[in-house]
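The figures here come from the full heavy-atom set of this structure, side chains too, leaving out hydrogens, waters and symmetry mates. Computed from a prediction, not measured in an experiment: that's the story for all the values here.
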Amino acid sequence: MTNKTFKLPGGKLYVIASVFPTDESMASAHGADSVQLGIALASNKLAQAFAASHYAVAEVSFNTFDTARVQSAVRTGNRRLLLWMECWDSTLEKQK
């Protein structure tokens, strides 16, 4: 699993983004491997987005993967935030 934490400017909140390759989680016509993307907003640093009390998750088939996005709309105090993470297969760009 790959995790990245970002502190939001001007506050005490953290965005936690996680990418988790799985096997046998989401079978498709092209195989059983998949990738889960998770994103969360928390008041402290967490090891992964999936450890937060509220998080958004998206899962895509790995063998046909080229782009995936996970989004979450959250409210903190008087602020509304849209969190998103997008991942893409960078090897496809090299093939052009």
Which pairs would a plain distance check flag for residues 68-86, meaning a side-chain donor or acceptor within less than 3.5 Å of a matching protein atom at least two apart in sequence or in another chain?
unit_1 : atom_1 : unit_2 : atom_2 : d
Arg69  : NE     : Glu86  : OE1    : 3.0
Arg69  : NH2    : Glu86  : OE1    : 2.6

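Annotation: side chain of Ser43 is in contact with side chain of Leu13 (closest heavy-atom distance under 4.5 Å). Contact annotation: the side chain of Cys87 never approaches that of Val35 to less than 4.5 Å [non-hydrogen atoms, C-beta and beyond].
Summarising the hydrophobic clusters (Ile, Leu, Val, Met, Phe, Trp, Tyr; side-chain heavy atoms under 4.5 Å, direct or chained), the residues clustered with Tyr55 are Met1, Phe20, Phe50, Val57.
A pairwise comparison of heavy atoms in Lys12 and Lys7 identifies CA-CE, 4.3 Å as the closest pair.
The OG1 atom of Thr5 sits 10.0 Å away from atom CG of Asn44, with the distance rounded to the nearest 0.5 Å. One distance of note links CD of Gln48 with OG of Ser18; it measures 5.5 Å at 0.5 Å rounding. A distance of 9.0 Å separates CD1 of Ile16 from CD1 of Ile39, quoted to the nearest 0.5 Å. A distance of 9.5 Å separates OG of Ser53 from CG of Leu41, quoted to the nearest 0.5 Å.
Ser61 meets the side-chain hydrogen bond (donor to acceptor under 3.5 Å, both in side chains) test with Ser28; sequence neighbours excluded.
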